[in-house]
Amino acid sequence: MPETVLLVGGGGREHAIARALAGSDAALYACAGNRNPGIAALAEGFETLETTNPTAVVEYAEEVGATLAVVGPEGPLAAGVADALDDAGIYAFGPNAEEARIETDKAFQRRFMRERGIPGCPDFETFDDLDAACEYIDDYDGDLAVKPAGLTGGKGVRVIGDQVTKAEAKEYLRNSDYDRVVLEERLVGEEFTVQALVANGDLRVAPAVQDHKRAYEGDEGPNTGGMGSYSDSGLALPFMTDGDYREAVEVLEATVEALDGYKGVLYGQFMLTADGVKVVEFNARFGDPEAMNTLPVLNTDFLDVLVAAREGDSLPELSFSSKATVCKYAVPEGYPEDPKAGARVEISPENAGDALLFYASVDQREDGIYTTTSRAFAVVGVADTIAAAEEIAEDALAVAGEEGLDVRHDIGKADLVQKRIDHMDELRGE
Ligand code: AMP
Ligand code: GLY
């Protein structure tokens, strides 16, 4: 019997998931808070609903006869959508709310690492009293990262010595309404992501990806959900060795072993430091943008992974094409602090050239597609080298034009890739 898959979520990541499933022997349905025209074009049905409402998602899943579900974003996972689907007899590839705490509760995540002896855990303390946290900042000899324990869309962290001073960090806490924060040792190095597909105690890893969180070129400006990302033709990135990549995979393996029963994507955000690989955070889902680097080069049928996960089987080994990828997001002008919506999106799958086009948050009107106040769309180049992939992405951005949009053109360019290599060489004293 062919499968019917419900995809939950309507961003660029979910468009990439939809594309990965589009070639499979499955009927695809999707639901999201926003209508994503890219997903809608690939799906047999698309329902606009509140994806953090488990009842609404289950109702739609039952209506379309879903036999499997993939939950894209963290919000629905935190709200128990995977639990509700599982309870309704629809296998959800995504952790239940309790397991998703590895992402949704940073205090839990750090304590879990410490208690279970997971390698790569920085020094940390957790606080539910903000005055005590401020005192700790005063007394701490060195720089700290200040992290609200709950979900903030990647925008809640302040790093002392990088983005803020000690005084600004304390002011940030005092002006916040956070009820729990984690203060941890500032990690210095280069960040990278490794995503793993996990079920039945098995773990299958993807090539490393580097995202760019800062809003503006040259890694300036406020943190965002991610402005773009690249991966190389092998498993590691140019600034790291295969040994560094393996060290990250070992952390993921130790985590999956300690989590017992986890299913879905486990995303490790790592900092490669002079002392090796450290964990910045875990996420309980694909990265956005990182899914757009990884899924287009996955040769294994993603549906086979989902079915094996549901059936309790061993997961298939993953095969990836030996291609580099560069993903660049186009965001509304002024994003993230003062985004201006309403620019017409001139790029479409028909005129994107060799690039893949993934829609994120856009508004589809009768006369065209327009930006909202969140990341609008991403273009992805896939080629033998990072440089060639970057050119493909840029050619597509030229079609999209610049009216009302901001893009970090530096992502994937030789200068920035080299800067990362030089940074690591310098830290390692080479
Ligand atoms: P998170 O929300 O945990 O992903 O953090 C957002 C960003 O803050 C990360 O991608 C890092 O760039 C930065 N960050 C988080 N924790 C640390 C840390 N301990 N040291 C340095 N930077 C950090
Ligand atoms: N790219 C960062 C994230 O998905 O959280």
Side-chain angles (χ1 to χ4, degrees), residues 9 11-14 16-17 72-75 77-78 100 102-110 113 120-126 140 142-164 169 172 178 181-195 206 208-215 219-231 265-275 277-295 327-329 331 336 358 360 374-375 378 408 411 420 423 427:
R13 162 184 49 213
E14 287 76 28
I17 296 171
E74 61 276 21
L77 294 171
I102 192 87
E103 164 167 9
T104 58
D105 181 345
K106 288 186 204 288
F108 165 81
Q109 188 256 106
R110 286 309 191 207
M113 287 190 78
C121 186
D123 282 341
F124 73 94
E125 291 293 335
T126 62
Y140 191 83
D143 291 333
L144 290 165
V146 177
K147 306 173 127 179
L151 288 177
T152 59
K155 294 163 198 154
V157 176
R158 294 291 180 280
V159 181
I160 298 173
D162 181 24
Q163 300 156 298
V164 292
Y172 170 66
Y178 299 136
V181 294
V182 180
L183 300 183
E184 65 186 34
E185 168 195 1
R186 176 190 176 193
L187 302 168
V188 178
E190 283 296 329
E191 284 185 75
F192 66 96
T193 301
V194 180
Q195 300 160 104
V209 183
Q210 188 176 46
D211 186 15
H212 297 70
K213 296 233 154 142
R214 296 299 195 92
D219 295 320
E220 303 286 338
N223 269 348
T224 68
M227 294 294 293
S229 45
Y230 65 102
S231 61
V265 178
L266 181 66
Y267 163 119
Q269 178 74 21
F270 299 98
M271 186 79 81
L272 179 58
T273 72
D275 303 325
V277 169
K278 308 279 180 193
V279 175
V280 174
E281 65 166 347
F282 290 113
N283 289 328
R285 50 171 175 85
F286 280 115
D288 187 345
E290 292 93 329
M292 294 183 279
N293 301 92
T294 303
L295 289 170
C327 172
K328 302 198 196 202
Y329 252 120
V331 302
F358 295 108
S374 296
R375 295 179 294 183
R408 273 194 60 174
I411 293 168
R420 312 287 194 218
H423 184 209
L427 286 176

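First listed ligand is number 1; within each ligand, the first listed atom is number 1. Every value quoted in this text rests on a predicted model; they were computed, and no experiment measured them. Values reported hereafter were calculated over all heavy atoms of this structure, with side chains retained and with hydrogens, waters and symmetry mates removed.
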* To do: Find all atoms of ligand 2 within a distance of less than 4.0 Å from any non-hydrogen atom belonging to G287, and give their numbers and elements.
  => 4 (O)
* Asked: What part of R13 sits under 4.0 Å from ligand 2 if we count only heavy atoms: the side chain, the backbone, both or neither?
  -> neither
* Rounded to the nearest 0.5 Å, how far apart are CG of D162 and CZ of R214? -> 5.0 Å
* For the atom pair NZ (K106) and OG1 (T152), what is the distance rounded to the nearest 0.5 Å? -> 6.0 Å
* To which protein heavy atom is atom 5 (O) of ligand 2 closest, and what is the distance rounded to 0.1 Å? -> R285 NH2, 2.9 Å
* To do: Using distance alone, with no hydrogens and no angle criterion, decide if Y230 and Q210 have a side-chain donor and acceptor under 3.5 Å apart.
  => yes
* Which residue from D211, N223, V182 reaches closest to atom 7 (C) of ligand 1 through any of its heavy atoms? -> N223
* Ligand-residue contact atoms, ligand 1 with V159, heavy atoms, under 4.0 Å -> 22 (N), 23 (C)
* Shortest non-hydrogen contact from A107 to T126? -> CB-CG2, 3.7 Å
* Asked: Are Q109 and K147 close enough that some pair of their side-chain heavy atoms sits under 4.5 Å apart?
  -> no
* Asked: Has E185 got any heavy atom lying under 4.0 angstrom from an atom of ligand 1?
  -> yes
* Structure fact -> A student checking ligand 2 against G225 at a 4.0 Å heavy-atom cut-off should list atoms 1 (N), 2 (C)
* Structure fact -> Interatomic distance, CD1@I102 vs CD@E281, rounded to 0.5 Å, equals 10.5 Å
* For K106, counting its heavy atoms only, list the atoms of ligand 1 lying under 4.0 Å from any of them. => 1 (P), 2 (O), 3 (O)
* Which of the atoms in ligand 1, numbered in the order shown and given with their element, are less than 4.0 Å from a heavy-atom of E184? -> 16 (N), 17 (C), 18 (C), 19 (N)
* To do: Could you tell me which atoms of ligand 1, counted from 1 in the order shown, lie closer than 4.0 angstrom to a heavy atom of K213?
  => 4 (O), 10 (O)
* Asked: Which is it for T104 and L77 under the side-chain contact (heavy atoms from CB on, under 4.5 Å) test, yes or no, and what are the steps along the way?
  -> CA-CA 9 Å; T104 58; L77 294 171; 5.9 Å; no
* To do: Say whether G226 and ligand 2 are in contact under the criterion: heavy-atom distance to a ligand atom below 4.0 Å.
  => no
* Asked: atom 2 (C) of ligand 2: which protein heavy atom is closest, and how many Å away?
  -> Y267 OH, 3.4 Å
* Quick one: does ligand 2 sit under 4.0 Å from the side chain of E290, the backbone, both or neither, non-hydrogen atoms only? -> side chain
* Asked: Is S229 near ligand 2, meaning one of its heavy atoms is under 4.0 Å from it?
  -> no
* **Exercise: identify the closest heavy-atom pair between V209 and S229** => CG1-CB, 3.7 Å
* Go through ligand 1 atom by atom and flag the ones less than 4.0 Å from a non-hydrogen atom of L187. => 18 (C), 19 (N), 20 (N), 21 (C)
* To do: Flag the pair R408 / D219 as yes when at least one side-chain heavy-atom distance between them is below 4.5 Å, and no otherwise.
  => yes
* Minimum side-chain heavy-atom gap P289-K328 below 4.5 Å -> no
* Hey, which atoms in ligand 2 end up nearer than 4.0 Å to a heavy atom of D211? -> 1 (N), 2 (C)
* To do: Any atoms of ligand 2 less than 4.0 Å from a non-hydrogen atom of N283? List them with their elements.
  => 5 (O)
* Asked: So is R13 actually on top of F286's ring, under 6.0 Å and inside 45° of the axis?
  -> no
* Asked: Counting from 1, what ligand 1 atoms have a heavy atom of K147 closer than 4.0 Å?
  -> 3 (O), 15 (C), 16 (N)
